[in-house]
Trainee: 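Below are the structure tokens for one structure; questions will follow.
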2 protein chains.
Amino acid sequence: MARAATTTDVFNAIAEPGRRQILDLLANGELSVNELVEQLGLAQPQVSKRLHVLREVGLVLVRDDGRQRHYRLNGRALKPVHDWIRRYEQMWNDRFDALDDLLEELDDQED
Amino acid sequence: MARAATTTDVFNAIAEPGRRQILDLLANGELSVNELVEQLGLAQPQVSKRLHVLREVGLVLVRDDGRQRHYRLNGRALKPVHDWIRRYEQMWNDRFDALDDLLEELDDQED
DNA sequence: TTATTATATGCCAATATGGGAATATATCAA
DNA sequence: TTGATATATTCCCATATTGGCATATAATAA
């Protein structure tokens, strides 16, 4: 078998920077495809293709308005990623930073 | 051009469930390749290949010990993912949950 | 109807998988 | 040295992209 499809799950969907960038833009509110095209500087088909992937995994929702299509973020779909990564949070935050600071202080005192 | 390599960055590296599973196992401490093979139920080459990808992006570190190789997690490498996802955290936690609870309460009172 | 605008889809070429099996490399034992 | 163990790499194959370009579809305007 080959690599899993980008539409397999949210983890695969957010692997591409362009798709993450779209989510980042939508975080500020709804945008039409053309507005996304302008802000991303990509060709329209490429933007539509990315939106298709994001829609398949539920990361964005659509609202039809005449011939325009307004996309908006569905942040909740990112929760599985957040839940997974949260287990590792402790490996770089407070506790360990505090330990680093302590070790640094002790190191300084030795001079 | 084709799809970006899995070794391009951490986002691509963690897109595959098998690689995430390896990280999860290593979260409990160092493991040799064979120990991982046993726990994962995968063929040895497949495990080595995944470890190779994880090593390329800095997610695991190796310690040589005779003919064994002990891999351990380098959780800090996950920070970019955490930093990115954190921006969306508010979309499903406290504030929104609190709003949900409130709406639910109001709904209950109507009975 | 015809033209125009907004968006989606199809086709093509190049490429990076990921699984299985075989094999290479390294270390240790007898 | 020879054999066995631990791990990495290579080869083959089927597949899923991704970009660019052309085109189809839908809605609206003239």
Side-chain angles (χ1 to χ4, degrees), chain A residues 1-23 25-26 29-73, chain B residues 1-23 25-26 29-73:
Chain A
M1 231 176 273
R3 193 168 178 180
T6 51
T7 53
T8 302
D9 57 32
V10 180
F11 285 94
N12 279 281
I14 65 165
E16 205 233 6
R19 288 193 292 262
R20 287 201 302 281
Q21 206 180 342
I22 288 180
L23 297 179
L25 289 173
L26 293 181
E30 214 177 56
L31 287 174
S32 71
V33 178
N34 252 347
E35 290 170 326
L36 282 169
V37 168
E38 286 169 20
Q39 303 209 31
L40 293 168
L42 292 176
Q44 176 266 315
Q46 269 64 24
V47 175
S48 281
K49 284 173 185 171
R50 286 177 164 92
L51 287 169
H52 180 80
V53 172
L54 295 174
R55 218 179 339 143
E56 287 254 331
V57 299
L59 277 169
V60 297
L61 302 170
V62 202
R63 177 173 67 83
D64 280 32
D65 172 32
R67 52 190 144 176
Q68 299 196 329
R69 270 186 138 174
H70 300 278
Y71 282 86
R72 67 180 184 283
L73 180 66
Chain B
M1 230 175 274
R3 192 168 180 178
T6 51
T7 53
T8 301
D9 56 33
V10 180
F11 285 94
N12 278 281
I14 65 165
E16 204 233 6
R19 288 193 292 261
R20 288 201 300 281
Q21 206 179 343
I22 288 181
L23 297 178
L25 288 173
L26 293 180
E30 215 176 55
L31 287 174
S32 71
V33 178
N34 251 346
E35 290 170 327
L36 284 168
V37 168
E38 286 170 19
Q39 302 208 32
L40 293 167
L42 293 175
Q44 176 266 314
Q46 269 63 24
V47 174
S48 282
K49 283 175 187 172
R50 287 177 163 91
L51 288 169
H52 180 80
V53 172
L54 295 174
R55 218 179 338 142
E56 287 254 331
V57 299
L59 277 169
V60 298
L61 302 170
V62 203
R63 177 173 67 83
D64 280 33
D65 171 32
R67 53 191 143 174
Q68 298 196 331
R69 267 183 142 179
H70 300 279
Y71 282 87
R72 67 179 184 284
L73 180 65

Trainee: Tell me if the side-chain of R69(A) makes a donor-acceptor pair with the base of dT7(C), cut-off 3.5 Å, by modelled atom types.
Mentor: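 For R69(A), whose side chain was compared with the base of dT7(C), there is no donor-acceptor pair (under 3.5 Å).
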Trainee: Could you give the CG-to-P distance, from D65(B) to dT27(C), as a whole number of Å?
Mentor: 12 Å
Trainee: For L36(B) and dA8(D), give me the distance from atom CG to atom C1', rounded to whole Å.
Mentor: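 Whole-Å distance recorded here is 14 Å.
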Trainee: Looking only at heavy atoms, which two atoms of E35(B) and E30(B) are closest? And how far apart?
Mentor: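 Where E35(B) meets E30(B) most closely, the heavy atoms are OE1-O, 4.5 Å.
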Trainee: Quick one: does V33(B)'s side chain get under 4.5 Å of Y71(B)'s, heavy atoms only?
Mentor: yes
Trainee: Measure from CD on E35(B) to C1' on dT5(D) and round the result to the nearest Å.
Mentor: 14 Å
Trainee: Shortest non-hydrogen contact from L51(A) to V60(A)?
Mentor: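 Taking every non-hydrogen atom into account, O-CG2, 4.1 Å.
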Trainee: Hey, could you give me the NE2/CZ distance between H70(A) and R63(A), rounded to the nearest 0.5 Å?
Mentor: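 If I round to the nearest 0.5 Å, the distance is 4.5 Å.
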Trainee: Taking the nucleotide of DNA chain D with the closest heavy atom to each, which residue, R67(A) or V53(A), is nearer the 5' end?
Mentor: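 Of the two residues, V53(A) wins.
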Trainee: Select from E16(A) and Q68(A) the residue whose nearest nucleotide in DNA chain D is closer to the 5' end of that strand.
Mentor: E16(A)
Trainee: Nearest-Å distance, CG (N12(B)) to P (dG18(C))?
Mentor: 10 Å
Trainee: Calculate the interatomic distance between R3(A) atom CZ and dA14(C) atom P; express it in whole Å.
Mentor: 20 Å
Trainee: Which side-chain N or O atoms in residues 38-49 of chain B pair as donor and acceptor under 3.5 Å with protein atoms at least two apart or in another chain?
Mentor:
{"residue": "Q44(B)", "atom": "NE2", "partner": "S48(B)", "partner atom": "OG", "Å": "3.0"}

Trainee: Can you check the D9(B) CG to dA16(C) P distance for me, whole Å?
Mentor: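 Rounding to the nearest Å, CG of D9(B) and P of dA16(C) are 15 Å apart.
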Trainee: Side-chain contact, heavy-atom cut-off 4.5 Å: E56(B) with T6(B)?
Mentor: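 When only atoms from C-beta onward are counted, T6(B) and E56(B) do not touch, as no gap falls below 4.5 Å.
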Trainee: Using the side chain to side chain contact (heavy atoms under 4.5 Å, CB included) rule, pick out the option among V10(A), I14(A), D9(A) that qualifies with N12(A).
Mentor: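 Of the listed options, the one satisfying the test is D9(A).
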Trainee: To the nearest angstrom, how far is L51(A) atom CG from dT7(C) atom P?
Mentor: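 About 10 Å, once rounded to whole Å.
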Trainee: To the nearest Å, give me how far apart CD (E38(B)) and P (dT5(D)) are.
Mentor: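 These atoms are roughly 14 Å apart.
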Trainee: Do any of residues 42-50 of chain B sit with a heavy atom less than 4.0 Å from DNA chain C, and if so which?
Mentor: P45(B), Q46(B), K49(B), R50(B)
